[in-house]
Amino acid sequence: RWATVLAILVVVGYVALTGASASAVRAGIMGSIALFSLSRGIGTQSLHVLGVAASIMLLVTPSLFEDISFQLSFGAVLGIILLTPIFSQFLPRVLPAFLREVMAVSLGVQLMVAPLGAFHFGTLALLSLVYNALIVPLVPLVTIGGLAVGLVGLASQPVAMILGIPISLVTSAMTYVITTGAALPGTITLMSGSVSFLVVPYVIIGAIIYFWIKHTHALRTVRHQYV
(Lines give C-alpha, C1' and ligand atoms only; values in the text may rest on other atoms or scores of the structure.)
Protein backbone atom coordinates (compact mmCIF):
# COMPACT_ATOMS: atom_id res chain seq x y z
CA ARG A 1 0.00 0.00 0.00
CA TRP A 2 2.77 2.44 0.91
CA ALA A 3 4.57 1.61 -2.32
CA THR A 4 1.45 2.62 -4.23
CA VAL A 5 1.18 5.87 -2.29
CA LEU A 6 4.85 6.61 -2.96
CA ALA A 7 4.45 5.83 -6.66
CA ILE A 8 1.42 8.13 -6.92
CA LEU A 9 3.34 10.89 -5.13
CA VAL A 10 6.15 10.49 -7.65
CA VAL A 11 3.62 10.81 -10.47
CA VAL A 12 2.15 13.95 -8.88
CA GLY A 13 5.64 15.37 -8.43
CA TYR A 14 6.48 14.68 -12.06
CA VAL A 15 3.30 16.44 -13.21
CA ALA A 16 4.18 19.47 -11.09
CA LEU A 17 7.78 19.38 -12.33
CA THR A 18 6.67 19.47 -15.96
CA GLY A 19 4.42 22.48 -15.40
CA ALA A 20 1.09 20.69 -14.99
CA SER A 21 0.08 21.07 -18.63
CA ALA A 22 -3.14 19.45 -19.79
CA SER A 23 -1.30 16.46 -21.25
CA ALA A 24 0.78 15.99 -18.10
CA VAL A 25 -2.25 16.22 -15.82
CA ARG A 26 -4.09 13.72 -18.02
CA ALA A 27 -1.17 11.29 -17.85
CA GLY A 28 -0.86 11.83 -14.10
CA ILE A 29 -4.52 11.11 -13.42
CA MET A 30 -4.52 8.02 -15.64
CA GLY A 31 -1.31 6.75 -14.10
CA SER A 32 -2.58 7.31 -10.56
CA ILE A 33 -5.85 5.50 -11.28
CA ALA A 34 -3.98 2.59 -12.86
CA LEU A 35 -1.59 2.33 -9.89
CA PHE A 36 -4.44 2.42 -7.38
CA SER A 37 -6.42 -0.18 -9.32
CA LEU A 38 -3.44 -2.50 -9.60
CA SER A 39 -2.75 -2.23 -5.86
CA ARG A 40 -6.36 -3.24 -5.18
CA GLY A 41 -6.35 -6.03 -7.71
CA ILE A 42 -9.02 -4.27 -9.75
CA GLY A 43 -8.99 -4.66 -13.51
CA THR A 44 -8.93 -1.44 -15.51
CA GLN A 45 -9.97 -0.62 -19.04
CA SER A 46 -7.85 2.07 -20.66
CA LEU A 47 -10.85 3.68 -22.31
CA HIS A 48 -12.67 3.95 -18.98
CA VAL A 49 -9.63 5.42 -17.27
CA LEU A 50 -9.31 7.99 -20.05
CA GLY A 51 -12.96 8.94 -19.59
CA VAL A 52 -12.55 9.34 -15.85
CA ALA A 53 -9.48 11.53 -16.34
CA ALA A 54 -11.33 13.75 -18.82
CA SER A 55 -14.35 14.01 -16.50
CA ILE A 56 -12.23 15.03 -13.52
CA MET A 57 -10.33 17.67 -15.47
CA LEU A 58 -13.47 19.14 -17.02
CA LEU A 59 -15.30 19.20 -13.69
CA VAL A 60 -12.43 21.14 -12.15
CA THR A 61 -11.82 23.39 -15.17
CA PRO A 62 -14.66 23.32 -17.73
CA SER A 63 -12.83 25.77 -19.99
CA LEU A 64 -10.31 23.03 -20.78
CA PHE A 65 -12.79 21.65 -23.28
CA GLU A 66 -11.76 24.44 -25.66
CA ASP A 67 -8.05 24.09 -24.87
CA ILE A 68 -6.10 22.78 -27.87
CA SER A 69 -3.54 20.87 -25.80
CA PHE A 70 -6.36 19.16 -23.90
CA GLN A 71 -8.04 18.10 -27.14
CA LEU A 72 -4.81 16.90 -28.75
CA SER A 73 -3.70 15.02 -25.63
CA PHE A 74 -6.94 13.11 -25.20
CA GLY A 75 -7.30 12.65 -28.94
CA ALA A 76 -3.84 11.11 -29.14
CA VAL A 77 -4.49 8.66 -26.32
CA LEU A 78 -7.89 7.82 -27.77
CA GLY A 79 -6.16 7.05 -31.05
CA ILE A 80 -3.69 4.77 -29.29
CA ILE A 81 -6.43 2.88 -27.47
CA LEU A 82 -8.90 2.55 -30.33
CA LEU A 83 -6.86 2.59 -33.53
CA THR A 84 -3.50 1.01 -32.63
CA PRO A 85 -4.98 -2.52 -32.37
CA ILE A 86 -6.53 -2.05 -35.81
CA PHE A 87 -3.37 -0.84 -37.54
CA SER A 88 -1.22 -3.48 -35.84
CA GLN A 89 -3.29 -6.17 -37.56
CA PHE A 90 -2.71 -4.76 -41.03
CA LEU A 91 0.98 -3.85 -40.90
CA PRO A 92 3.31 -6.36 -42.59
CA ARG A 93 4.35 -9.19 -40.28
CA VAL A 94 7.82 -9.17 -41.80
CA LEU A 95 8.55 -5.99 -39.84
CA PRO A 96 10.12 -6.38 -36.37
CA ALA A 97 7.48 -6.42 -33.62
CA PHE A 98 8.85 -3.24 -32.01
CA LEU A 99 8.84 -1.30 -35.29
CA ARG A 100 5.37 -2.56 -36.13
CA GLU A 101 4.07 -1.37 -32.75
CA VAL A 102 5.72 2.04 -33.12
CA MET A 103 4.20 2.46 -36.58
CA ALA A 104 0.77 1.32 -35.37
CA VAL A 105 0.85 3.79 -32.49
CA SER A 106 2.00 6.60 -34.79
CA LEU A 107 -0.74 5.83 -37.30
CA GLY A 108 -3.38 5.68 -34.59
CA VAL A 109 -2.33 8.97 -33.04
CA GLN A 110 -1.96 10.80 -36.35
CA LEU A 111 -5.28 9.65 -37.72
CA MET A 112 -7.12 10.68 -34.57
CA VAL A 113 -5.53 14.12 -34.17
CA ALA A 114 -5.23 15.04 -37.85
CA PRO A 115 -8.78 16.46 -37.99
CA LEU A 116 -8.03 18.59 -34.91
CA GLY A 117 -4.85 19.86 -36.54
CA ALA A 118 -6.70 20.72 -39.73
CA PHE A 119 -9.45 22.48 -37.77
CA HIS A 120 -7.22 24.55 -35.48
CA PHE A 121 -4.12 25.14 -37.59
CA GLY A 122 -5.30 24.64 -41.16
CA THR A 123 -2.48 22.22 -41.97
CA LEU A 124 -2.14 18.49 -42.61
CA ALA A 125 1.35 16.99 -42.36
CA LEU A 126 1.60 14.04 -44.74
CA LEU A 127 5.08 12.97 -43.58
CA SER A 128 4.31 13.07 -39.85
CA LEU A 129 4.27 9.27 -39.68
CA VAL A 130 7.92 9.17 -40.73
CA TYR A 131 8.93 11.77 -38.14
CA ASN A 132 7.00 9.99 -35.38
CA ALA A 133 8.53 6.63 -36.26
CA LEU A 134 11.95 8.20 -35.64
CA ILE A 135 11.04 10.22 -32.56
CA VAL A 136 8.53 8.11 -30.60
CA PRO A 137 11.05 5.40 -29.56
CA LEU A 138 13.31 8.11 -28.10
CA VAL A 139 10.66 9.83 -25.96
CA PRO A 140 10.71 7.33 -23.04
CA LEU A 141 14.52 7.46 -23.00
CA VAL A 142 14.55 11.25 -22.76
CA THR A 143 11.72 11.38 -20.23
CA ILE A 144 13.02 8.73 -17.84
CA GLY A 145 16.66 9.65 -18.37
CA GLY A 146 15.98 13.34 -17.86
CA LEU A 147 14.08 12.68 -14.64
CA ALA A 148 16.88 10.44 -13.35
CA VAL A 149 19.53 13.03 -14.20
CA GLY A 150 17.47 15.71 -12.46
CA LEU A 151 17.30 13.62 -9.30
CA VAL A 152 21.06 12.96 -9.43
CA GLY A 153 21.56 16.70 -9.84
CA LEU A 154 20.02 17.27 -6.42
CA ALA A 155 22.99 15.43 -4.92
CA SER A 156 25.78 16.29 -7.36
CA GLN A 157 25.59 18.70 -10.26
CA PRO A 158 28.94 17.65 -11.84
CA VAL A 159 27.84 14.01 -11.99
CA ALA A 160 24.47 15.03 -13.37
CA MET A 161 26.13 17.09 -16.09
CA ILE A 162 28.17 14.09 -17.20
CA LEU A 163 25.18 11.75 -17.12
CA GLY A 164 23.12 14.32 -18.98
CA ILE A 165 25.38 14.36 -22.05
CA PRO A 166 23.74 11.31 -23.72
CA ILE A 167 20.28 12.74 -22.98
CA SER A 168 21.34 16.05 -24.49
CA LEU A 169 22.59 14.29 -27.63
CA VAL A 170 19.33 12.39 -28.02
CA THR A 171 17.33 15.58 -27.50
CA SER A 172 19.43 17.35 -30.12
CA ALA A 173 18.79 14.51 -32.56
CA MET A 174 15.03 14.75 -31.94
CA THR A 175 15.15 18.52 -32.47
CA TYR A 176 17.06 18.03 -35.72
CA VAL A 177 14.47 15.57 -37.03
CA ILE A 178 11.64 17.96 -36.13
CA THR A 179 13.23 21.06 -37.65
CA THR A 180 14.37 19.20 -40.77
CA GLY A 181 10.95 17.65 -41.22
CA ALA A 182 9.25 21.01 -40.84
CA ALA A 183 11.41 22.44 -43.62
CA LEU A 184 10.60 19.64 -46.06
CA PRO A 185 7.59 19.73 -48.38
CA GLY A 186 4.65 17.49 -47.58
CA THR A 187 2.34 19.75 -45.58
CA ILE A 188 -1.04 20.61 -47.05
CA THR A 189 -2.44 24.05 -46.19
CA LEU A 190 -6.17 24.10 -45.54
CA MET A 191 -8.73 26.62 -44.35
CA SER A 192 -8.73 26.44 -40.55
CA GLY A 193 -11.93 26.66 -38.53
CA SER A 194 -14.06 24.58 -40.90
CA VAL A 195 -16.32 22.27 -38.89
CA SER A 196 -16.33 19.82 -41.78
CA PHE A 197 -12.70 19.03 -40.96
CA LEU A 198 -13.96 17.62 -37.65
CA VAL A 199 -17.34 16.11 -38.45
CA VAL A 200 -16.60 14.18 -41.65
CA PRO A 201 -13.29 12.55 -40.58
CA TYR A 202 -14.55 11.57 -37.13
CA VAL A 203 -17.74 10.08 -38.56
CA ILE A 204 -15.58 7.93 -40.85
CA ILE A 205 -13.17 7.03 -38.04
CA GLY A 206 -16.10 6.19 -35.76
CA ALA A 207 -17.59 3.92 -38.41
CA ILE A 208 -14.26 2.12 -38.85
CA ILE A 209 -13.91 1.58 -35.10
CA TYR A 210 -17.52 0.38 -34.79
CA PHE A 211 -17.07 -2.07 -37.64
CA TRP A 212 -13.82 -3.36 -36.15
CA ILE A 213 -15.25 -3.83 -32.65
CA LYS A 214 -18.37 -5.50 -33.96
CA HIS A 215 -16.54 -8.00 -36.12
CA THR A 216 -13.37 -8.75 -34.16
CA HIS A 217 -13.92 -7.64 -30.52
CA ALA A 218 -10.22 -6.82 -30.51
CA LEU A 219 -10.53 -4.12 -27.86
CA ARG A 220 -11.59 -6.65 -25.24
CA THR A 221 -7.95 -7.58 -24.86
CA VAL A 222 -6.75 -4.01 -24.41
CA ARG A 223 -6.28 -3.77 -20.65
CA HIS A 224 -3.63 -1.79 -18.83
CA GLN A 225 -1.91 -1.06 -22.17
CA TYR A 226 -0.91 2.43 -23.33
CA VAL A 227 -2.09 4.12 -20.13
Q. Do F74 and L78 come close enough that some side-chain heavy atom pair is under 4.5 Å?
A. no
(Q) For a 4.5 angstrom cut-off between non-hydrogen side-chain atoms, does L50 reach R26? (A) yes
Q) Quick one: NE2 on H120 to CD on Q71, what's the gap to the nearest 0.5 Å? A) 3.5 Å
(Q) How close do A22 and D67 get, counting heavy atoms only, and between which atoms? (A) CB-OD2, 4.2 Å
(Q) Starting from I144, can I reach V15 by hopping between I/L/V/M/F/W/Y residues whose side chains sit under 4.5 Å apart? (A) no
Q) Taking all atoms of both residues into account, what is the closest heavy-atom pair of I167 and G145, and its distance? A) CD1-CA, 3.8 Å
Q) Does one hydrophobic cluster hold both I162 and L147, with members joined at side-chain heavy-atom distances below 4.5 Å? A) no
Q. Any side-chain heavy atom of I209 sitting closer than 4.5 Å to one from M112?
A. yes
Q. Distance from S73 atom OG to I68 atom CD1, nearest 0.5 Å?
A. 13.5 Å
Q: Determine whether the side chains of S23 and S21 contain a donor N or O and an acceptor N or O closer than 3.5 Å.
A: yes
Q | Evaluation steps, side chain to side chain contact (heavy atoms under 4.5 Å, CB included), between V152 and Q157 | A | CA-CA 7 Å; V152 171; Q157 288 189 353; over 6 Å; no
Q) So, for V11 and S32, which heavy atoms are closest and what is the spacing to 0.1 Å? A) CG1-OG, 3.9 Å
Q: Starting at OG of S55, measure out to CD1 of I29 and round the result to the nearest 0.5 Å.
A: 10.0 Å
Q.
Quick one: does any side-chain atom of E101 pair with a main-chain N or O of S88 as donor and acceptor, under 3.5 Å?
A. no
Q: Decide yes or no for T171 and Y176: does some side-chain heavy atom of the first lie under 4.5 Å from some side-chain heavy atom of the second?
A: no
Q: Would you name the heavy atoms of V109 and A76 that are closest together and state the gap between them?
A: CG2-O, 3.6 Å
Q. Above 12 or not: heavy atoms from other molecules or residues under 6.0 Å from CZ of F211?
A. no
**Q.** Check: I205 and L83 side chains under 4.5 Å, non-hydrogen atoms
**A.** yes
(Q) Between M174 and V139, is there a side-chain heavy-atom distance shorter than 4.5 Å? (A) yes
Q) Does some side-chain heavy atom of F70 sit less than 4.5 Å from a side-chain heavy atom of M57? A) yes
Q: Answer whether the closest heavy-atom distance between the side chains of V199 and V203 falls below 4.5 Å.
A: yes
Q.
For P62 versus L59, what's the shortest heavy-atom pair and its separation?
A. CD-O, 4.2 Å
Q) Is there a chain of hydrophobic side chains (I, L, V, M, F, W, Y, each step under 4.5 Å between heavy atoms) that links M161 to V142? A) no
(Q) I'd like to know whether F87 forms a side chain to side chain contact (heavy atoms under 4.5 Å, CB included) with L111, so could you lay out the CA-CA distance, the side-chain angles of the two residues, the decisive distance to 0.1 Å, and finally the verdict. (A) CA-CA 11 Å; F87 284 117; L111 182 59; 3.8 Å; yes
Q. For the atom pair NE2 (H48) and CE (M30), what is the distance rounded to the nearest 0.5 Å?
A. 11.5 Å
Q) Under 4.5 Å between side-chain heavy atoms, hopping through other hydrophobics if needed: is there a path connecting I178 to L169? A) no
Q.
So which atom in T84 and which in A104 form the shortest heavy-atom distance, rounded to 0.1 Å?
A. OG1-O, 3.7 Å
Q) In Å and rounded to the nearest 0.5 Å, what is the CG to CG distance from L163 to L151? A) 11.5 Å
Q.
To the closest 0.5 Å, what do you measure between CG (L82) and CD1 (I208)?
A. 12.0 Å
